[in-house]
Protein chains: 2
Amino acid sequence: MAAPSPAGPERGRRVRRPSGDDRERAILATAERLLELRPLADISVDDLARGAGISRPTFYFYFASKDAVVLALLDRVVAEARSLRAAALAGAGDDVRGSWRLALEAVRDTFTAHRSLTAAATQLLAGSAEVRELWSQVMEGFVTETAAAIEAERARGAAPAGPPARDLAVALNWMNERVLQVTLAGQVPGIAEEGLVDVLLTVWLRAVYGTDEPAV
Amino acid sequence: MAAPSPAGPERGRRVRRPSGDDRERAILATAERLLELRPLADISVDDLARGAGISRPTFYFYFASKDAVVLALLDRVVAEARSLRAAALAGAGDDVRGSWRLALEAVRDTFTAHRSLTAAATQLLAGSAEVRELWSQVMEGFVTETAAAIEAERARGAAPAGPPARDLAVALNWMNERVLQVTLAGQVPGIAEEGLVDVLLTVWLRAVYGTDEPAV
DNA sequence: ACTGTAGTCGACACGGTGTCGACCACCTCG
DNA sequence: CGAGGTGGTCGACACCGTGTCGACTACAGT
């Protein structure tokens with residue numbers, strides 16, 4: 001049950017009025033709505049079920065647990081973040097600084113647009129193995145991309161040698177993750193949302209190139 | 001109930017055999033022991049009580065909840081980390097690079113020595129307001145120190161201008177926190193424990209000075 | 001009309017939490 | 001030395017959330 005993605009065996013049936021995976025959608029929607037109002041820990045399976053107009057046992061017909069619902073939600077957001085980031089990376093031409101910035105902004109925008117879910121996922125990150133697994137994969141993707149980019153820059157002589165590119169990438173990506181998370185949750189000590197990308201970008205550029213203005 | 005520190009009203013009594021805050025210590029010890037074996041979520045108040053040789057209601061005489069126990073434990077470790085770090089910072093003379101490194105190592109060593117507790121605290125960080133509060137204060141302390149150091153280095157011309165020193169400090173300290181946490185828990189993508197300090201130090205130096213070898 | 005299958009829920013068992021009230025052991029003071 | 005207080009202890013209880021089982025319904029295909 002790594003990723004309860006859609007695309008079940010039966011698609012396209014349109015006949016049944018109050019049924020099928022409308023219910024699944026209703027649960028997801030309810031979860032999203034309730035998460036705006038209160039933390040995940042204060043939402044029970046019963047709340048989710050009632051919100052979707054079904055009983056608690058019926059909920060279990062659709063999801064194995066409360067966590068599985070959040071996982072499904074997170075799955076969608078993660079896909080969004082990945083594609084946005086990929087698009088940003090692809091779209092940026094020869095502007096080195098700009099392309100790093102775009103990638104940063106893509107991720108920021110995605111999670112900013114889903115604050116409550118991000119908070120819930122953070123809760124689960126500590127406790128749920130499935131969520132941790134999913135998140136590991138996401139971060140691994142970012143790290144791999146980043147490491148490749150760093151190595152490319154070193155190869156063309158734009159970036160100085162230093163620690164293994166991958167290690168650098170790991171540190172920088174976890175920095176982003178944590179700082180973004182803290183900032184979105186409004187925790188302290190944090191960074192004002194306006195300045196966020198600038199600060200992060202500076203650290204990235206200095207860590208990779210040793211300067212704020214890498215050669216083109 | 002910000003910090004259930006010791007130093008109750010009565011100290012120094014030595015007469016009573018099976019009593020007083022020996023029990024408190026027993027609970028703390030049991031928690032520490034059990035945390036080596038399984039995650040916090042799998043430890044009940046009953047486990048803690050039985051482990052300390054008391055009943056569950058009696059547990060509540062000493063601590064308000066399971067979380068409060070971990071908070072008390074964390075309190076001690078945090079104090080340790082702070083003083084070690086302060087000592088490291090004070091002890092380092094004119095070796096700039098070395099003093100940054102020492103501070104980094106102090107924190108790493110403290111939390112490495114208390115892996116299980118660190119993991120438990122991470123769990124709670126998401127859910128418990130008290131733990132979050134304590135941790136905020138710790139991070140705020142680190143950030144303030146760091147920001148002051150950066151400003152001092154800029155003032156003496158050793159470090160270039162850039163984003164507000166505090167913002168830089170926030171980003172770097174959260175990076176440390178997250179990477180250390182991930183590494184200690186053995187999560188992926190992570191950094192090998194041996195290389196940890198080197199990588200982190202490089203990012204810090206490059207972010208602050210733009211180079212791995214700051215002028216003395 | 002019959003049979004299977006997707007969906008639904010009432011009722012239950014369970015495990016954990018937190019609290020109340022009775023109780024006990026010991027200390028101190030009159 | 002007995003009386004009353006205080007610190008400590010626990011059995012029993014009320015409560016809440018989870019997850020499961022088994023009986024039931026609605027409908028589809030044959």
Side-chain angles (χ1 to χ4, degrees), chain A residues 1 4 6-28 30-31 34-35 38-71 120 123-124 127-130, chain B residues 1 4 6-28 30-31 34-35 38-71 120 123-124 127-130:
Chain A
M1 202 251 293
E10 320 197 13
R11 275 276 161 189
R13 64 252 172 74
R14 195 115 295 266
V15 204
R16 274 116 108 263
R17 269 63 52 98
S19 65
D21 51 15
D22 296 346
R23 254 71 204 271
E24 195 170 316
R25 266 194 293 276
I27 295 173
L28 260 355
T30 303
L34 291 185
L35 279 174
R38 49 179 193 270
L40 180 63
D42 295 0
I43 299 175
S44 72
V45 169
D46 206 64
D47 295 332
L48 257 21
R50 290 193 177 290
I54 56 178
S55 74
R56 210 162 51 76
T58 300
F59 167 92
Y60 287 103
F61 181 84
Y62 293 101
F63 292 96
S65 68
K66 194 171 61 174
D67 294 5
V69 177
V70 179
L71 189 63
Q123 301 267 113
L124 254 43
S128 153
E130 281 104 329
Chain B
M1 205 252 292
E10 320 198 11
R11 276 276 161 189
R13 65 260 174 72
R14 193 117 295 265
V15 206
R16 274 116 109 263
R17 268 63 51 98
S19 65
D21 51 15
D22 295 347
R23 255 70 203 272
E24 194 169 316
R25 265 194 294 275
I27 295 173
L28 261 354
T30 303
L34 291 185
L35 280 174
R38 49 179 192 271
L40 180 63
D42 294 1
I43 299 175
S44 71
V45 169
D46 206 65
D47 295 332
L48 257 20
R50 289 194 178 289
I54 56 178
S55 73
R56 210 163 51 75
T58 300
F59 168 92
Y60 286 103
F61 181 83
Y62 293 100
F63 293 96
S65 67
K66 194 171 61 172
D67 294 6
V69 176
V70 179
L71 189 63
Q123 301 267 113
L124 253 42
S128 152
E130 279 105 331

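Below, chains carry the letters A, B, ... as their sequence lines are ordered, and counting in each starts from 1.
If you measure from atom OH of Tyr62(B) to atom P of dG18(C), you get 18 Å, rounded to the nearest angstrom. Protein atom CG of Leu40(B) is 14 Å distant from nucleotide atom C1' of dG16(C), rounded to whole Å. The separation between Phe63(A) atom CZ and dG7(C) atom P is 13 Å, rounded to whole Å.
DNA chain D lies under 4.0 Å from at least one heavy atom of each of the following residues of residues 42-60 of chain A: Ser44(A), Val45(A), Arg56(A), Pro57(A), Tyr60(A).
The shortest heavy-atom contact between Tyr60(A) and Val45(A) is OH-CG2, 3.7 Å. Residues Thr30(A) and Ala52(A) approach most closely at OG1-N, 3.6 Å, considering heavy atoms. Residues Leu48(A) and Ala31(A) come closest through the heavy atom pair CD1-CA, 3.9 Å. Taking all atoms of both residues into account, the shortest heavy-atom contact from Ile27(A) to Val69(A) is CG2-CG2, 4.1 Å.
Looking at residues two or more places apart in sequence or on another chain, you find a side chain to side chain contact (heavy atoms under 4.5 Å, CB included) between Arg38(B) and Leu34(B), Asp42(B), Ile43(B), Asp47(B).
Of all nucleotides listed (dT18(D), dA6(C), dG7(D)), dG7(D) comes nearest to the side chain of Phe61(B).
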* From CA spacing to verdict: side-chain contact (heavy atoms from CB on, under 4.5 Å), Glu24(B), Leu28(B) -> CA-CA 6 Å; Glu24(B) 194 169 316; Leu28(B) 261 354; 4.3 Å; yes
